[in-house]
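See below for the structure under consideration.
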Protein chains: 2
Amino acid sequence: MTDRTPARERLLRAASELFYNDGVVATGIDAITARAGVAKMSLYNNFASKADLVQAYIQSRHEEWQGLCRERMEGAASPRERVLAVFDSYLDHAAFEYQRGFRGCGLYNAAAELPAGDPGRAAVAAQKEEAERLIREALREMLPDDEARAGETAEHLSFLLEGAMTRAGLEGHDARLKAARRIAASVLDQL
Amino acid sequence: MTDRTPARERLLRAASELFYNDGVVATGIDAITARAGVAKMSLYNNFASKADLVQAYIQSRHEEWQGLCRERMEGAASPRERVLAVFDSYLDHAAFEYQRGFRGCGLYNAAAELPAGDPGRAAVAAQKEEAERLIREALREMLPDDEARAGETAEHLSFLLEGAMTRAGLEGHDARLKAARRIAASVLDQL
DNA sequence: CAAAAGGTAGACAGATCGGTCTACCTAATG
DNA sequence: CATTAGGTAGACCGATCTGTCTACCTTTTG
């Protein structure tokens, strides 16, 4: 083939787009290989099963967000800005997905399709934990003598963030996320 | 059959359980009719298609929540309590679903499986709008001379509520929802 | 009693599902 | 040059999908 990108990467990219747009269960193996421009056997040479591919999808989306978030964090001069950087990383994600039809958090949407005990749900929960942790650590710097309050406020801001993402996903644009960022800023002002 | 409950109702109840637990796309027609104890043709005599049944499922979940919320509202003595009643209605939903494995908001989870333009997504967005509206109207009574602030606070509390539901669903219990209720109460205290 | 309404079991259709297998084809490497 | 690693197309498998159809059965109602 003219395209020299390894099959595994092309499959993951194709799966990413289809899983996000159409849902995990509704997306068939054949649709993925067709979009990747790859033979079906290449999928099973790189992934043990569809479930394995879904796991890899969740992992890669998590890492993608970590990348966006790290960049935003590096550009943040103060703990306060680091809190808002987490909000910005969600806005980045929304902007990235906007062209193809923004449908909210790809990780949560995938988790919503998995049954109660599935390890994929725990992986998604871990990403939400990580976002809250990043907020909490920045808040600890802002409130060095009140760790309890830092923890409560971090939970508060995490709910704001995830709730705005839920609403934004349903509405198809990022206005709610922008509002949440403003609200978060005013919560920080009141500390 | 010994059970005289009409087929349509039994189908909707069976679909409700399976859709919530296993996901909409992953649940097949045959599984629904089997659980309802009903012939396959009875499904197609009552619903035009699976998509139609999904629409009815979303509608019935919305109405179920409206019922829980109305009850909570009636037991609320003040505008402040009416705001918290909306949080309680979400807690009721979590408690109700807890036995079979709590997986978060059934409406949002269903929406997460629908493609971008699907009318089901708009119906779910409408439920979130309604929750925010109920909060906003109570807040207007508390802040009769500051409608702007009532609106902003309502959005803030809606994000809190939906974000906590997201987190709670991923974690499988209602601790996050209880935390959100506490945070909401303290936000109300600061008005 | 007769008609109508609602429900039954199960066969059936065509499509699609996830997954396997074979036989062949390159391109890089020792 | 020979081997090996990775990729190809496409047939194939059994299971399952949504949806249709027939022929029969019960219960209610006029």
Side-chain angles (χ1 to χ4, degrees), chain A residues 1-60 109-110 112-115 117-120, chain B residues 1-60 109-110 112-115 117-120:
Chain A
M1 271 289 138
T2 44
D3 191 335
R4 326 224 84 274
T5 316
R8 185 186 166 90
E9 195 182 322
R10 308 182 62 187
L11 282 162
L12 210 41
R13 183 193 315 274
S16 227
E17 295 168 2
L18 293 171
F19 284 165
Y20 184 82
N21 292 331
D22 305 333
V24 171
V25 181
T27 298
I29 288 299
D30 292 342
I32 296 168
T33 54
R35 173 173 275 241
V38 136
K40 197 180 206 176
M41 266 311 289
S42 293
L43 193 158
Y44 287 98
N45 286 335
N46 285 281
F47 302 95
S49 62
K50 184 186 175 181
D52 185 36
L53 176 58
V54 172
Q55 275 294 118
Y57 164 67
I58 290 175
Q59 171 107 11
S60 94
N109 288 351
E113 298 199 52
L114 302 174
D118 195 287
Chain B
M1 271 287 137
T2 46
D3 192 335
R4 329 223 83 277
T5 317
R8 185 187 166 91
E9 193 182 323
R10 308 182 63 186
L11 281 162
L12 210 41
R13 184 193 314 275
S16 227
E17 295 167 3
L18 293 171
F19 284 166
Y20 184 83
N21 292 331
D22 305 332
V24 171
V25 181
T27 297
I29 288 300
D30 292 343
I32 295 168
T33 54
R35 172 172 274 241
V38 135
K40 197 180 209 176
M41 266 312 289
S42 293
L43 194 156
Y44 286 99
N45 285 335
N46 285 281
F47 302 94
S49 63
K50 184 184 174 183
D52 185 36
L53 176 57
V54 172
Q55 275 294 118
Y57 164 67
I58 289 175
Q59 170 108 9
S60 93
N109 288 351
E113 299 199 51
L114 302 175
D118 194 287

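Chain letters run A, B, ... following the sequence lines, proteins first, then strands; residues in each count from 1. As the structure is a computational prediction, the values presented were derived from the model and not from experiment.
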Heavy atoms within less than 4.0 Å of DNA chain C: which residues of residues 15-25 of chain B have one? Give them sorted by number. none
List the atom of A:Ala112, the atom of B:Ala112, and the distance in Å for their closest heavy-atom pair. CB-CB, 3.9 Å
Once you apply a heavy-atom cut-off of 4.0 Å, does A:Ala7 come out as touching a base, just sugar-phosphate, or nothing? sugar-phosphate
For A:Arg8 and A:Ala56, work out which heavy atoms get closest and say how close. NH2-CB, 4.4 Å
Partner set under ring pair (Phe, Tyr, Trp, His ring centres under 6.0 Å) for A:Tyr20, not counting sequence neighbours: none
Take atom CG of A:Asn45 and atom C1' of C:dG19, then tell me their distance rounded to the nearest Å. 12 Å
To the nearest Å, give me how far apart CG (B:Asn46) and C1' (C:dA5) are. 12 Å
How would you list all residue pairs meeting salt bridge (Lys or Arg N to Asp or Glu O under 4.0 Å) that involve residues 32-53 of chain A, not counting sequence neighbours? A:Glu17-A:Arg35, A:Asp30-A:Lys40
What one should report as the nearest heavy-atom pair of A:Asn46 and A:Ala7 is ND2-CB, 4.1 Å
Nearest heavy-atom neighbours spanning B:Gly23 and B:Glu113: CA-OE2, 3.2 Å
Do any of residues 49-60 of chain B sit with a heavy atom less than 4.0 Å from DNA chain D, and if so which? B:Ser49, B:Lys50
Could you state the atom-to-atom distance from CD of A:Glu9 to P of D:dG7 in whole Å? 11 Å
Taking atom CG of A:Leu18 and atom CZ of A:Arg13, what is their separation to the nearest 0.5 Å? 12.5 Å
What string of B, S and - do you get for nucleotides 21-26 of chain D 5' to 3' if you count protein non-hydrogen atoms under 4.0 Å? BB----
Kindly compute the distance separating CG (B:Asp118) from CD (B:Gln55), expressed to the nearest 0.5 Å. 6.5 Å
Can you check the A:Phe47 CZ to D:dG6 C1' distance for me, whole Å? 15 Å
Between A:Leu43 and A:Val38, does the side chain to side chain contact (heavy atoms under 4.5 Å, CB included) criterion hold? Intermediate values first, please. CA-CA 8 Å; A:Leu43 193 158; A:Val38 136; 5.6 Å; no
Report the residue (A:Tyr44 or B:Val38) whose heavy-atom-nearest nucleotide on DNA chain C is the more 5′ of the two. B:Val38
Hey, does B:Thr33 reach any base, or is it just sugar-phosphate, or nothing, if we go heavy atoms under 4.0 Å? nothing
What integer distance in Å separates A:Asp30:CG from D:dA9:P? 13 Å
Note: B:Ser42 and B:Leu11 closest approach over all heavy atoms is O-CD1, 3.8 Å
Which pairs pass ring-ring contact (aromatic ring centres under 6.0 Å, His included) with one or both residues in residues 26-60 of chain A, sequence neighbours excluded? A:Phe19-A:Tyr57
If you measure from CD1 on A:Ile58 to CG on A:Leu53, what distance do you get to the nearest 0.5 Å? 10.5 Å
Integer-rounded Å distance: D:dT20 C1' and B:Ile29 CD1: 13 Å
Are OP1 or OP2 of C:dG6 and a side-chain N or O of B:Ser42 less than 4.0 angstrom apart? no
Starting at CG of A:Leu43 and ending at C1' of D:dG6, how long is that distance when rounded to a whole Å? 15 Å
Starting from C1' on C:dT16, measure out to CD1 on A:Ile32 and report it in whole angstrom. 14 Å
